[in-house]
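As the structure is a prediction and not an experimental result, all values here were calculated from the model. All values below come from the heavy atoms of this structure, side chains included, with hydrogens, waters and symmetry mates left out. In what follows, chains carry the letters A, B, and so on, assigned in the order in which the sequence lines appear, proteins first and then strands, with residues in each chain numbered from 1.
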2 protein chains.
Amino acid sequence: MRSDLVHGVASAMEAGLDQANLMTEPLYKAVIGTVIDRIVSGELVPGAMLPSEYDLGAELGVSQGTARKALEELERRGIIKRRQGVGSFVAVRTPENALFQFFRLRNPDGTQAIPGLAEETVTSRKATASEAGQLSDAPERVHEIVRVRTIDGARLIYEKSVVPAVLFPGLAERAPLPNALYALYQQAFRIAIVRADESIRAVAADQETASALGIVETRPVMRVERKAFDIADRCVELRLSFYVTDHHAYGISLA
Amino acid sequence: MRSDLVHGVASAMEAGLDQANLMTEPLYKAVIGTVIDRIVSGELVPGAMLPSEYDLGAELGVSQGTARKALEELERRGIIKRRQGVGSFVAVRTPENALFQFFRLRNPDGTQAIPGLAEETVTSRKATASEAGQLSDAPERVHEIVRVRTIDGARLIYEKSVVPAVLFPGLAERAPLPNALYALYQQAFRIAIVRADESIRAVAADQETASALGIVETRPVMRVERKAFDIADRCVELRLSFYVTDHHAYGISLA
DNA sequence: GCGCATCAGTCTTGTATAAGAATTCTCCTA
DNA sequence: TAGGAGAATTCTTATACAAGACTGATGCGC
């Protein structure tokens with residue numbers, strides 16, 4: 001079986017993965033890498049059905065149980081969804097679940113707040129040194145999306161998103177963009193956001209934010225810096241957001 | 001094997017678990033419940049070694065593989081730690097890892113901020129209706145821990161923690177309390193915090209917070225409401241914290 | 001005799017595999 | 001149109017072997 005395994009790993013390499021297997025990497029990890037490669041390459045599009053555990057195992061020269069272990073971990077990471085009796089599918093980021101996963105603002109009663117879109121400007125420009133350093137592959141040019149978002153009609157959110165131009169060709173021409181950017185990223189550019197690191201502070205609104213939201217400059221607002229990572233763990237978006245949290249709260253869970 | 005399984009579940013019931021198994025619950029979930037029961041009951045204390053996969057399986061009438069599946073999930077939940085060639089151990093909440101897991105304040109360079117303790121008062125009183133409704137088992141009396149914490153000598157954090165008196169007998173007499181409360185909870189009261197839900201807002205400091213931290217009343221501070229849950233998923237602590245985030249940020253990860 | 005390295009043994013978890021059960025959907029039939 | 005057989009899928013359980021880690025005995029040099 002080991003020879004077949006090596007063959008399976010070899011196909012994974014052909015699909016784009018060629019590091020990290022020097023010392024007999026476990027088979028199931030090689031399978032994980034193969035599946036991720038196929039998603040990244042577009043061979044498996046969001047919503048597509050994966051081969052069954054048995055077929056995937058046969059194809060890569062491993063047993064059904066090993067393929068299963070790989071699929072279980074992919075589901076834990078949120079990359080695929082599985083349904084008994086039906087099959088395994090590449091996770092689809094819909095406007096609904098994208099909001100539920102990454103938009104954390106809650107109403108006073110704890111329910112999810114539903115944001116609207118009041119203003120939007122999309123521009124292309126050179127990346128700053130800081131942006132190039134934080135984004136993967138140090139892009140030279142970026143798209144900047146500046147938005148004012150509303151909740152129940154009130155202008156409460158001001159946010160700037162920066163993405164590499166090379167990964168999002170023609171983004172600026174697509175304006176106006178839909179409310180849920182991450183669903184657009186996946187559907188139009190095949191980039192699935194699966195993880196985000198955030199840095200949160202309470203600050204007094206600066207002049208730019210205050211005028212955008214129509215508030216006084218000294219008002220406390222929540223300042224959130226986000227780095228968003230795709231399925232291949234590349235940092236593909238920087239986002240700086242300001243929230244007015246007088247009647248809403250940012251809900252998170254620590255585990 | 002199914003009859004033996006039922007027997008295993010029966011022993012789990014004797015250990016304290018007697019709901020949620022009406023319709024042929026999977027064996028490995030019954031094993032998970034049994035292990036959790038033993039930890040909650042104090043039969044397995046933090047740091048104690050669990051039976052090996054083989055022994056645990058034999059004891060409960062399931063195979064090593066099934067016991068293994070249960071132990072894997074317990075490790076994912078952070079309830080136990082496993083080391084190849086050594087064994088499985090009930091997770092120990094040390095002051096260090098408790099801070100790393102639940103104290104999210106970061107220095108400007110992204111490293112973990114180390115808090116100190118400047119002031120502390122511990123009192124016992126009747127629970128408010130709101131507190132009784134949020135805490136598990138609607139306790140009549142609570143302990144309240146009010147603290148001012150420092151970072152690099154600066155008074156930057158003001159926090160009030162409320163815990164049920166019945167679960168923490170004699171807590172008030174233990175003052176002064178150690179810096180890491182959750183380590184104390186586990187070591188002195190056998191209550192392991194494994195999860196917390198937080199609600200974050202940016203507000204202007206109120207009079208109480210401002211005087212405690214020595215800042216002006218209008219200064220923006222981060223207001224964090226936390227509900228902390230133990231291994232049995234009971235809400236055992238309410239905490240209201242105020243952070244001065246001029247030079248520090250609250251770091252979280254969304255996945 | 002004392003100290004230290006080495007090595008075998010044993011206990012543990014990690015990996016791989018396989019067989020049968022449970023779930024879901026489709027399609028045919030009455 | 002309702003119901004049931006069948007096929008496809010994931011889910012559960014079980015077993016065998018590999019790999020890592022600690023223990024203690026053994027032997028050698030000093």
Side-chain angles (χ1 to χ4, degrees), chain A residues 1-9 12 20-35 44 47-76 79-91, chain B residues 1-9 12 20-35 44 47-76 79-91:
Chain A
M1 266 307 135
R2 184 128 305 254
S3 55
D4 282 298
L5 152 57
V6 174
H7 175 272
V9 173
N21 185 41
L22 304 175
M23 277 293 121
T24 60
E25 182 189 38
L27 292 180
Y28 75 93
K29 290 193 177 178
V31 175
I32 291 174
T34 300
V35 173
L44 287 171
M49 182 172 174
L50 276 70
S52 71
E53 295 176 353
Y54 185 87
D55 290 347
L56 183 63
E59 185 183 343
L60 300 180
V62 301
S63 74
Q64 174 264 348
T66 300
R68 170 174 184 73
K69 185 163 183 174
L71 294 174
E72 280 177 335
E73 175 153 346
L74 287 166
E75 183 174 40
R76 274 197 295 274
I79 293 174
I80 69 173
K81 289 288 179 189
R82 319 187 73 209
R83 284 172 52 206
Q84 181 171 1
V86 182
S88 300
F89 304 85
V90 181
Chain B
M1 267 306 135
R2 185 131 297 261
S3 54
D4 283 298
L5 154 57
V6 175
H7 175 273
V9 174
N21 185 41
L22 305 175
M23 277 294 121
T24 60
E25 181 189 37
L27 291 181
Y28 76 94
K29 290 193 177 179
V31 175
I32 291 174
T34 300
V35 174
L44 287 171
M49 182 174 175
L50 276 69
S52 72
E53 295 176 353
Y54 185 86
D55 290 347
L56 183 63
E59 185 183 345
L60 301 179
V62 301
S63 76
Q64 176 260 354
T66 300
R68 170 174 184 74
K69 184 161 184 174
L71 294 174
E72 280 177 336
E73 175 154 345
L74 286 167
E75 182 173 40
R76 273 196 296 274
I79 293 175
I80 68 173
K81 288 288 180 189
R82 318 188 72 210
R83 284 171 54 206
Q84 182 173 359
V86 183
S88 300
F89 303 85
V90 180

Expressed in angstrom and rounded to an integer, what is the separation of [X] atom [atom1] from [N] atom [atom2]?
X       : N      : atom1 : atom2 : answer
B:Gln64 : C:dT15 : CD    : P     : 13 Å
A:Arg68 : C:dG20 : CZ    : P     : 17 Å
A:Arg82 : D:dT9  : CZ    : C1'   : 9 Å
A:Glu72 : C:dA16 : CD    : P     : 14 Å
A:Leu56 : C:dT17 : CG    : P     : 13 Å
B:Tyr54 : D:dA16 : OH    : C1'   : 13 Å
B:Glu73 : D:dT12 : CD    : C1'   : 14 Å
A:Asp55 : D:dT10 : CG    : C1'   : 13 Å

Self-check item: Phosphate OP1/OP2 of C:dA16 contacted by A:Lys69 side-chain N/O (<4.0 Å)
Solution: no
Self-check item: Contact under 4.0 Å: A:Arg83 side-chain N or O vs C:dT24 OP1/OP2
Solution: no
Practice problem: Determine the contact category for B:Gly87: base if any of its heavy atoms lies under 4.0 Å from a base atom, sugar-phosphate if only primed atoms, P, OP1 or OP2 are that close, otherwise nothing. | Solution: sugar-phosphate
Practice problem: Looking at every strand, decide which applies to A:Thr66 at a 4.0 Å heavy-atom threshold: base, sugar-phosphate, or nothing. | Solution: base
Quiz prompt | Identified salt bridge (Lys or Arg N to Asp or Glu O under 4.0 Å) counterpart of B:Glu72 within the set B:Lys69, B:Arg76, B:Arg68 | solution = B:Arg68
Quiz item: So A:Val35 and A:Ile79, side chain to side chain contact (heavy atoms under 4.5 Å, CB included) or not? Walk me through it.
Solution: CA-CA 10 Å; A:Val35 173; A:Ile79 293 174; 5.9 Å; no
Quiz item: If you look at every heavy atom in B:Tyr28 and B:Ala70, which pair is closest and at what distance?
Solution: O-CB, 3.5 Å
Exercise. Check every atom of D:dT9, C:dA18, D:dA14 against the side chain of A:Ser63 and return the nucleotide holding the closest atom.
Key: C:dA18
Self-check item: Residue B:Gln84, side-chain atoms from C-beta onward, closest of C:dT24, C:dA18, D:dA19
Solution: D:dA19
Quiz item: Is the number of heavy atoms from other residues, nucleotides or ligands under 6.0 Å of B:Arg83 CZ greater than 12?
Solution: no
Quiz prompt | Comparing B:Ser88 and A:Tyr28 on DNA chain C - which has the more 5′ nearest nucleotide | solution = B:Ser88
Quiz item: Can you list the steps and then say if A:Leu60 with A:Thr66 is a side chain to side chain contact (heavy atoms under 4.5 Å, CB included)?
Solution: CA-CA 10 Å; A:Leu60 300 180; A:Thr66 300; over 6 Å; no
